[in-house]
Number of protein chains: 2
Amino acid sequence: MAILGFLRDFPLHGYDLKNRVASLAGHVRPIADGTLYPTIKKLEDAQCLTRRTAPGSVAAPRHMLEITQTGTDQLRRWLRDPEPGFITDDNKWYVLLAFLHHLENPREQALVLSRRREFLDQPAQLFFDAAGAPIPPELLESPFRKGLMQIHRSTNLTEIDWLDRQIAELNQRAGYAVRQRGGD
Amino acid sequence: MAILGFLRDFPLHGYDLKNRVASLAGHVRPIADGTLYPTIKKLEDAQCLTRRTAPGSVAAPRHMLEITQTGTDQLRRWLRDPEPGFITDDNKWYVLLAFLHHLENPREQALVLSRRREFLDQPAQLFFDAAGAPIPPELLESPFRKGLMQIHRSTNLTEIDWLDRQIAELNQRAGYAVRQRGGD
DNA sequence: TAGATATACATCGGCTCCGAGGTTTAAAAA
DNA sequence: TTTTTAAACCTCGGAGCCGATGTATATCTA
C-alpha cells in the first residue's frame with residue numbers, strides 16, 4: 001500500500017521509495033531490500049506499475065516506477081475496504097491515513113475514519129487477575145501498566161477528538177456536494 | 001516475551017494465555033493457535049517453562065504452564081536489553097512496558113525508559129516532496145497527513161511527559177536505595 | 001438422545017518478511 | 001591510479017506467523 005501510495009504522488013525509483021517508507025519510521029520500521037524489490041516485481045507482474053530504466057543521477061541506473069490505472073484502482077480498493085489489521089494495528093492504520101487522500105470521495109473517506117472511530121470506542125481491558133477478573137487501572141501494582149493505560153486512554157481521546165471533527169467536516173462536504181448536484 | 005511475562009505473575013494454561021495476550025488487543029493482535037502452541041513447545045524445550053497436566057475446569061484437560069528460573073532469567077534479559085524493534089515499534093514497546101516491572105532493579109528500568117525517551121526525541125520528518133525536501137506539516141495538502149502529524153506529536157508529548165516523570169522517580173528511588181546501603 | 005457449542009490442544013502448508021550476501025556504476029579519497 | 005564509498009538493484013535461505021484443519025471432552029440445547 002505504501003509503495004502504490006507514494007507512487008500515486010509522483011514516479012519514484014526503488015531506492016527513493018525505500019527511504020520514504022523508512023521515514024514513516026516510528027510508525028513503520030524501515031523496509032528491507034529483500035522485501036522491497038520482490039514486492040515491486042510482484043506489483044509489476046500484477047500490472048500495478050510500470051518501470052522505465054533511466055540513468056542514475058549519481059551512480060548506477062535507476063528503474064523509475066510509475067503507477068498505472070490498475071495500480072490506482074488497487075490502491076483505492078485497499079483504502080476503501082481495508083483489512084481489519086489496518087484499523088486495529090496502529091502502525092498499519094497510520095500508513096493507511098498517510099494515503100487516505102487518494103480515496104477521493106469524502107463520503108468514502110469518512111466511512112473509513114468511522115471504522116477506526118468505532119474500534120477506538122471499545123473499552124480497553126488489558127489486565128486480569130488469576131481468577132480472570134479484569135483489574136481496574138487504579139489497582140494495578142505496576143506503575144508501567146498504570147502508565148500504559150493512562151497513555152493509551154489519553155492518546156485514544158486525542159485521536160477520537162480529531163476523528164470526530166474530521167468525520168463531521170467530510171460529511172458536511174459530501175452533503176454540500178450532493179446539494180450542489182441538486183439533490184440527494 | 002508476553003508468554004513468559006504473564007507466566008511470571010502466576011501459572012496459566014495455553015488457552016488462558018491466548019486470551020490474555022489477545023486482550024492486550026489494540027496493541028497486540030490476537031495470537032493464533034498456530035503461533036502459540038509451537039512457541040510454548042519451543043520455550044519448554046529451552047527449559048523456560050514446565051507443564052503439568054491438570055483436569056480441565058470445563059472440558060478437555062489443560063497443560064498448566066509454570067515459568068522456571070531459566071525462563072525468568074530469559075525474560076529479564078529480554079527486558080533489560082530489548083531488541084531495537086521493542087523501542088521503536090509502538091506495539092512491541094507496549095508489550096515490553098506491560099512486563100517491565102519484572103525487571104526488579106529501578107535503575108535498569110529507568111535505563112529502558114530512557115532508550116524509549118531518546119527515540120521519541122527524534123523529530124519526525126514523515127513526508128517529502130518530489131525533490132526530496134521535507135514538507136512541513138502546515139504545507140501538507142492532505143488533511144489526513146496533517147492529522148497524522150498532529151496526533152503523532154500530541155501522543156509523543158503525552159508519553160514523553162510520563163516517561164520523564166517516571167524516570168525521575170525511578171532514579172530517585174535507586175539513589176535512595178544506594179544511600180540506604182550506605183554507599184555512593 | 002442427538003447435535004451444537006465451548007474448552008483445550010496440536011500440526012502443517014503457505015505466505016511474508018528479513019538479513020546476508022552479491023552486482024554494477026560513478027564519484028571521492030588514498 | 002587504486003581503493004573506498006555510496007547509489008541502486010537483486011536473490012536466496014530461513015524465521016515467524018497465520019489460517020485451515022483436526023482431535024478430545026464436557027456442557028448446553030433441540
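Letters go in sequence order (proteins before strands), and every chain restarts at 1.
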For a side-chain hydrogen bond (donor to acceptor under 3.5 Å, both in side chains) check, start with the C-alpha distance between A/D73 and A/Q69, then their side-chain angles and the critical distance, and finish with the verdict.
CA-CA 6 Å; A/D73 294 345; A/Q69 186 57 47; 3.0 Å; yes
Under 4.0 Å between any heavy atoms, over every strand shown, what does A/K41 touch: base, sugar-phosphate, or nothing? Just pick one.
sugar-phosphate
For B/T155, enumerate each residue passing the side chain to side chain contact (heavy atoms under 4.5 Å, CB included) test, keeping only those at least two apart in sequence or located in another chain.
A/T155, B/I151
For A/P11, which residues count as a side chain to side chain contact (heavy atoms under 4.5 Å, CB included) partner, sequence neighbours excluded?
A/M64, A/E66
Close approaches to DNA chain C from residues 71-87 of chain A, in residue order (heavy atom, under 4.0 Å):
none
[X]: which residues meet the salt bridge (Lys or Arg N to Asp or Glu O under 4.0 Å) condition with it, sequence neighbours left out?
| X | answer |
| --- | --- |
| B/R145 | A/D9 |
| A/E141 | none |
| A/E169 | none |
| A/D161 | A/R165 |

Flag the pair A/F99 / B/F144 as yes when their ring centroid distance falls below 6.0 Å, and as no otherwise.
no
Rounded to the nearest angstrom, tell me the gap between atom [atom1] in [X] and atom [atom2] in [N].
| X | N | atom1 | atom2 | answer |
| --- | --- | --- | --- | --- |
| A/Y37 | C/dG21 | OH | P | 19 Å |
| B/L43 | C/dA10 | CG | C1' | 16 Å |
| A/R20 | D/dA7 | CZ | C1' | 16 Å |
| B/L65 | C/dA10 | CG | P | 9 Å |
| B/K18 | C/dC9 | NZ | P | 10 Å |
| A/D89 | C/dT16 | CG | C1' | 15 Å |
| A/L12 | D/dC9 | CG | P | 11 Å |
| B/I3 | D/dG16 | CD1 | P | 12 Å |

Closest non-hydrogen atom pair, B/L49 against B/I40:
CD1-O, 4.1 Å
Would you indicate which nucleotide in [options] comes nearest to any side-chain atom of [X]?
| X | options | value |
| --- | --- | --- |
| A/K42 | C/dT16, D/dC18, C/dA10 | C/dT16 |
| A/H63 | D/dC18, D/dC9, C/dA8 | D/dC9 |
| B/Y15 | C/dG19, D/dG16, C/dA8 | C/dA8 |
| B/P38 | C/dT11, C/dA8, D/dC9 | C/dT11 |

Could you give all pairs that pass the salt bridge (Lys or Arg N to Asp or Glu O under 4.0 Å) test and reach residues 146-156 of chain A, with sequence neighbours left out?
none
Using a cut-off of 4.0 Å between protein heavy atoms and nucleotide atoms, how would you tag nucleotides 20-26 of chain D 5' to 3' with B, S and -?
----BBS
The residue, B/D16 or B/T35, whose nearest nucleotide of DNA chain C is more 5′ is B/D16
Nearest-nucleotide check on DNA chain C, A/L36 vs B/I40; residue mapping nearer the 5' end is B/I40
Please state whether the phosphate of C/dA10, meaning OP1 or OP2, lies under 4.0 angstrom from any side-chain nitrogen or oxygen of B/R62.
no
